[in-house]
Amino acid sequence: MTSGPGKILIVDDEKDVVLVLGEFLTREGFDVSSASSGEEALKRVRETCPDIVLLDMAMPGMNGLETLPALKKIAPQMVVLMITAYRDAEKVVESFRLGASDCLFKPFDFNYIREILKAKFLPVLSSGSPGAESEHLKKYLDTSRYLVMHDGLTGLCNALGLSKAVEQELERYRRYQASFVLALADLDHFKNVNDRFGHQAGDRVLQEVASVLSRSVRTLDTVARYGGEEFAVLFPHTDLEGARVACERLLRVVRETPFSSPSGKISMTMSLGIATLAHGASNWDELVGQADKALYRAKETGRDRLVVFDAAWGRTSQQGLAS
Amino acid sequence: MKEKGSSKGTLLVVDDEPAVILILSEFLAREGFRVQTASSGARALEKVKESKPDMVLLDIAMPEMDGMETLRRLKALDPKLPVMMITAYRDGEKIVETFRLGAFDCLFKPFDFQYLRTAILGQLLR
């Protein structure tokens with residue numbers, strides 16, 4: 001049995017290189033995508049989690065040696081091969097020190113590239129020495145674990161991944177009293193997008209929202225796709241005020257971002273419900289239940305806003321929610 | 001038998017230039033490593049078979065058996081043996097080749113001793 005085609009991301013500001021390499025690798029059966037800058041590469045890797053990245057060293061803006069450690073931070077298991085036209089020994093060594101697996105010189109030796117990609121970096125499960133096998137099995141398990149915990153459309157954590165992250169934070173809270181905040185977000189009137197433009201267009205908007213949210217939080221915050229058009233953000237080491245400021249920013253960013261649709265740019269808003277440990281939630285279910293109640297309030301009271309969960313609702317919920 | 005003591009590990013320095021061997025040995029000994037030396041690739045292979053060092057520092061440009069060939073044979077003997085290349089030449093392609101053959105790092109002359117210390121400790125603590 002062989003594994004599916006490997007996903008390869010080519011990162012180069014020169015269109016010709018992307019074209020030539022892309023054509024070669026597609027013909028070899030790989031699933032190829034490209035990015036024209038380091039910044040774009042980081043975004044792509046977050047979204048699509050490729051197996052292998054071919055990364056040009058010399059690019060305007062964020063160059064290859066700056067992009068490499070950032071990529072490795074997002075996906076430590078990912079194989080990164082540098083591309084360069086210059087035989088600069090110091091940069092070559094630097095790239096290996098930063099975690100590159102190889103360095104390919106231009107003009108390309110396509111036979112070598114084919115050989116290393118197929119024989120070294122994408123070995124099939126049944127082949128190779130016991131060492132190679134366990135290495136591959138590990139990668140396979142890593143990938144399976146990744147797929148179980150992440151959402152296929154956006155590349156964000158899914159509800160399960162989020163619940164695991166929250167359980168970890170709860171543990172940290174029990175041990176070190178490290179406070180954290182959970183926010184649930186729901187796009188307002190998202191059904192209209194699907195109804196009007198179709199599900200593909202709706203999916204595109206969800207991807208764009210995912211990317212906007214990811215870009216607008218700190219690296220240690222976790223953005224998740226919780227369900228259909230529902231997102232969530234976990235803010236570790238954050239108190240209520242800190243999270244409130246961050247969430248106001250998220251509301252503003254979504255409100256001000258033009259999203260794609262078949263008939264041009266459209267605007268979206270979202271509603272947010274926030275829960276902390278202040279009201280006695282001691283597990284994931286209770287905490288997410290509180291955030292969900294707060295989100296419901298935000299929808300009820302006009303949308304495009306955030307509401308913080310308040311335990312007092314429980315006592316007056318009958319009148320409160322009926323009105 | 002290896003002597004036990006306060007040694008952080010045994011390093012084999014391979015270079016045909018006595019001055020390089022001297023400088024590196026002194027530095028590494030002062031840092032608390034046991035140091036062995038070899039002046040050629042052939043001698044390096046013998047030493048590795050005899051005394052199983054924890055790491056090898058290997059010059060790329062040597063007469064007769066050069067660093068590339070020595071590296072290839074060292075890795076055939078023991079694929080897990082960490083090897084750091086040493087070179088004065090900024091030959092990018094040759095250096096990439098050493099990484100492909102399994103070297104874990106490459107140190108340029110003149111030496112950055114501070115980096116060398118960090119890299120060796122980092123590798124030995126893996």
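Numbers restart at 1 for each chain; the letters A, B, ... are given by sequence-line order, proteins then strands.
Every residue meeting the side-chain contact (heavy atoms from CB on, under 4.5 Å) condition with A:R174, not counting sequence neighbours, appears here in chain and number order: A:L170, A:E171. For B:T98, the side-chain hydrogen bond (donor to acceptor under 3.5 Å, both in side chains) criterion is met by no residue, not counting sequence neighbours.
Counting heavy atoms of neighbouring residues, nucleotides and ligands inside a 6.0 Å radius, atom OH of A:Y86 does not exceed 12 of them. For NZ of A:K164, the number of neighbouring non-hydrogen atoms (other residues, nucleotides, ligands) closer than 6.0 Å is 12 at most. The environment of B:K109 atom NZ is dense: over 12 non-hydrogen atoms of other residues, nucleotides or ligands sit within 6.0 angstrom. Within 6.0 Å of CZ in A:R175 there are 12 or fewer heavy atoms belonging to other residues, nucleotides or ligands.
Proximity of a side-chain donor or acceptor of B:R100 to a complementary backbone N or O of A:C103 within less than 3.5 Å is detected. Between the side chain of B:R90 and the backbone N or O of A:R87 there is no donor-acceptor pair closer than 3.5 Å.
Close approach to chain A, defined as a heavy atom under 4.5 Å from one of its heavy atoms, is seen in no residue of residues 11-24 of chain B. Taking 4.5 Å as the heavy-atom cut-off, none of the residues of residues 59-79 of chain B approach chain A.
When B:Y89, B:F104, B:F99 are compared by the number of non-hydrogen pairs under 4.5 Å with chain A, B:F99 comes out ahead.
Between B:G92 and A:V92 the shortest heavy-atom distance is O-CG1, 4.3 Å.
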> Yes or no on side chain to side chain contact (heavy atoms under 4.5 Å, CB included) for B:V96 and A:F105, after CA distance, side-chain angles and deciding distance?
Replying inline: CA-CA 10 Å; B:V96 168; A:F105 293 106; 3.7 Å; yes
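Atom CD in A:E90 sits 9.5 Å away from atom SG in B:C106 (nearest 0.5 Å).
Only the side chain of B:D105 comes within contact range of chain A, with at least one heavy atom under 4.5 Å from a heavy atom of that chain.
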